[in-house]
Number of protein chains: 2
Amino acid sequence: MQIRKAKGNDAPAIVEIILPIIREGATYALDPDMSEADALSYWMAPDKETFVAEEDGVILGTYYMRPNLAGGGQHVCNCGYMTRASATGRGVARSMCEHSLVHARTRGYRAMQFNFVISTNERAVRLWQSLGFELVGRLPEAFRHPAHGYVDALVMYRLL
Amino acid sequence: MQIRKAKGNDAPAIVEIILPIIREGATYALDPDMSEADALSYWMAPDKETFVAEEDGVILGTYYMRPNLAGGGQHVCNCGYMTRASATGRGVARSMCEHSLVHARTRGYRAMQFNFVISTNERAVRLWQSLGFELVGRLPEAFRHPAHGYVDALVMYRLL
């Protein structure tokens, strides 16, 4: 699996990956009904670096990195990761996160923050913890899950 | 003191209040060098409701309210409050926060979240705690303070 910067012609594959996850509305606090164009604009926004994980010419996952805040907060980055549904369980998210930790250091970031990990996304929580992220905050009932109703969201963080 | 929706002709007073605070760079994670126009666009952005606290025709403070996130996170609001330097210590921020808690309930929000309270801003931390906010997260060294270097930032939250 190769992880590289996303190019313009990766857009269709990126949409294939991110749109079902946005539509499901269970793991990201984004409008589930947002248009395909808006979803792509969000994921490949000018303030983000966007990457893809590719194997045998197939894009299996994608992630972005951006400064989490401006001014005195710009040394902390934020990332979002999404894996193609058919490729789950193959370590794609882990590989992307490992890649992002290396890339963040080369970019001079001093920490990485996940602002809003849905507590029901236990697989993600365990994965981030195994990669050195600490659960530094719990937001009671901050996310309305399409199946489970109001559930907690977590703030996860690690110094680099 | 009257707290009301900001109008277009409040813009000069709002700029007088927010620009010195942004320039100081000690309490908000915003670019300290942002232009006056960008500062105003940020504070009065389309996704925000902006209020002013007025006494005897003088604007003493201003705050905004917005959904903190979209989709499954849109029932949590976020606010930012700024008080005119010459009016500190007169309860302006407290009055604005109390107003915002009432307004948030009328808007149907279920919680209010402060994403990034600088730990050195002890006066604010105590004030928010006295208004029912809990310190739900601590982000180690997440803010570079112009005087104190890297300091922690706090996530504060209360259900409504």
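Letters go in sequence order (proteins before strands), and every chain restarts at 1. Just so it is clear, the structure is predicted and the values come from calculations on it, not from any experiment.
The OH atom of B/Tyr150 lies 4.0 Å from the CZ atom of A/Arg110; values are rounded to the nearest 0.5 Å.
Taking hydrophobic clusters as Ile, Leu, Val, Met, Phe, Trp and Tyr residues chained together by side-chain heavy-atom distances below 4.5 Å, B/Val125 does not share a cluster with B/Val155. Taken together through direct or relayed side-chain contacts under 4.5 Å among Ile, Leu, Val, Met, Phe, Trp and Tyr, A/Leu127 and A/Met1 form part of one hydrophobic cluster. Under the 4.5 Å side-chain contact rule for hydrophobic residues, B/Met96 and B/Met112 share a cluster.
With a threshold of 4.5 angstrom between heavy atoms, B/Tyr157 approaches chain A through side-chain atoms but not through N, CA, C or O. Using a 4.5 Å cut-off between heavy atoms, A/Arg158 does not touch chain B at all. For A/Val136, the parts sitting under 4.5 Å from any heavy atom of chain B are the backbone and the side chain alike. At a 4.5 Å heavy-atom cutoff, the contact between A/Leu139 and chain B is made by backbone and side-chain atoms alike. Using a 4.5 Å cut-off between heavy atoms, A/Glu141 touches chain B through backbone and side chain atoms alike. Both the backbone and the side chain of A/Ala142 come within contact range of chain B, each with at least one heavy atom under 4.5 Å from a heavy atom of that chain.
Environment of CD in B/Gln129: crowded, with over 12 heavy atoms of neighbouring residues, nucleotides or ligands closer than 6.0 Å. Within a 6.0 Å radius of CD in B/Glu36, other residues, nucleotides and ligands contribute 12 heavy atoms or fewer. A 6.0 Å sphere centred on CZ of A/Arg66 holds more than 12 heavy atoms belonging to other residues, nucleotides or ligands. The local environment of CD in B/Glu134 is sparse, with at most 12 non-hydrogen atoms from other residues, nucleotides or ligands closer than 6.0 Å. Open room surrounds CG on A/Asp56; 12 or fewer heavy atoms of other groups in view lie less than 6.0 Å from it.
Most heavy-atom pairs under 4.5 Å with chain A: of the set B/Gly25, B/Ala26, B/Gly71, B/Gly137, this distinction falls to B/Gly71. Looking only at heavy-atom pairs under 4.5 Å with chain A, the residue among B/Ala70, B/Gly73, B/Ala111, B/Ala153 that has the most is B/Ala70. Of all the listed residues (B/Phe116, B/Tyr28, B/Phe143), the one sharing the greatest number of non-hydrogen pairs under 4.5 Å with chain A is B/Phe143. Of the residues considered (A/His75, A/Arg144, A/Gln113), A/His75 shows the highest number of contacts with chain B, using heavy-atom pairs under 4.5 Å.
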